[in-house]
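Only one structure is covered here, and it is reproduced in the block below.
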Amino acid sequence: MSRLAGKEIRLCTPTVTDLGEFVIVRRFLDDDGELAQYLVQQLNTPLDWPANGGLNTGQVAKIASAAACDASYNQAANGHLADLFAVLPLPGTPEGNEFWVALGDAGGDAAVYIDPGNMGGPSFDRLVRGNEAGIADRVLSFFAELDEQQRDAVTEVIGDALAHDTLVAGGRYLGQLWLRDAETTAWHVLLARRRLHETEDDRKRFLEAWGNA
């Protein structure tokens with residue numbers, strides 16, 4: 001028992017239901033999700049276990065380990081990819097319209113892949129709700145089509161848009177950071193979308209081959 005502002009507060013172990021109210025990965029714990037499959041198949045912990053019980057430290061540690069592994073990395077990478085686009089000027093605003101026109105001029109035909117009119121808002125809605133790789137495909141297609149001159153021009157456009165929101169000097173440097181981060185993150189999404197049950201045999205062959213090397 002503890003007291004705060006004259007009120008008694010009962011300290012107790014949170015139940016699964018309690019935790020489910022604020023754990024950010026809760027929405028991904030469906031029967032077909034990667035994290036759910038990892039918990040059930042690898043840790044032998046069904047989603048409704050333990051029934052009407054609390055979580056002990058060992059159980060929490062295993063679940064945290066599962067959440068940090070590559071079974072759920074796709075969601076984290078997708079979320080970061082959305083964050084990268086969120087720092088750019090918003091479509092439909094005067095600043096945003098000017099920015100996306102400038103980016104289209106700098107990137108040429110390649111910019112079509114990430115143009116808001118072509119990607120559409122629902123694409124990001126689907127991305128943040130699950131393991132969608134469509135945005136990653138578009139981002140990597142964008143980078144693949146850029147020649148060196150276009151990439152330099154895109155770097156400047158993005159860097160100029162970011163420069164006013166940070167103390168870091170040099171818009172060009174910020175643009176380089178954005179492009180590098182977006183390209184790597186998109187690749188992580190595509191790599192991590194290989195579901196655990198689809199890659200299990202591949203991993204066994206990988207370990208065997210390297211073990212025998």
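These values consider heavy atoms only, across backbone and side chains, with no hydrogens, waters or symmetry-generated copies.
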Spatial distance of atom CD (Q150) from atom CG (D147) [nearest 0.5 Å]: 4.0 Å

Non-neighbouring partners of E156 that pass salt bridge (charged side-chain N to carboxylate O under 4.0 Å, His left out), sequence neighbours left out: R172

Residues in side chain to side chain donor-acceptor pair (under 3.5 Å) contact with R151, at least two apart in sequence or another chain: E183

Pairing residues for T185 by the side chain to side chain donor-acceptor pair (under 3.5 Å) criterion, not counting sequence neighbours: D181

Output a table of donor-acceptor pairs, distance under 3.5 Å, between side-chain atoms of residues 101-111 and any protein atom two or more places apart or on a different chain; print 'none' if there are none.
none

Close side-chain approach of L88 to F99, heavy-atom, < 4.5 Å: yes

Sequence neighbours excluded, every pair satisfying ring-ring contact (aromatic ring centres under 6.0 Å, His included) that has a member inside residues 77-98: F85-F124, F85-W178

Partner set under ring pair (Phe, Tyr, Trp, His ring centres under 6.0 Å) for W100, not counting sequence neighbours: none

F143 and L179, any side-chain heavy atoms less than 4.5 Å apart: yes

N/O donor-acceptor pairs under 3.5 Å from side chains in residues 90-97, not counting sequence neighbours:
residue, atom, partner, partner atom, Å
T93, OG1, L90, O, 2.7
T93, OG1, G96, N, 2.9
N97, OD1, G92, N, 3.3
N97, ND2, T93, O, 3.3

Close side-chain approach of V112 to F142, heavy-atom, < 4.5 Å: no

CG on L84 to CD1 on I135, rounded to 0.5 Å: 12.5 Å

Note, R138 side chain near N118 side chain (heavy atom, < 4.5 Å): yes

Going by atom type alone, with no hydrogens or angles, which donor-acceptor pairs under 3.5 Å involve a side-chain atom of residues 206-213 and a protein atom two or more places apart or on another chain?
residue, atom, partner, partner atom, Å
N212, ND2, E208, O, 3.1

Exercise: identify the closest heavy-atom pair between A77 and V189: CB-CG2, 3.6 Å

Test side chain to side chain contact (heavy atoms under 4.5 Å, CB included) applied to D152 and Q149, step by step: CA-CA 5 Å; D152 285 342; Q149 184 176 357; 5.8 Å; no

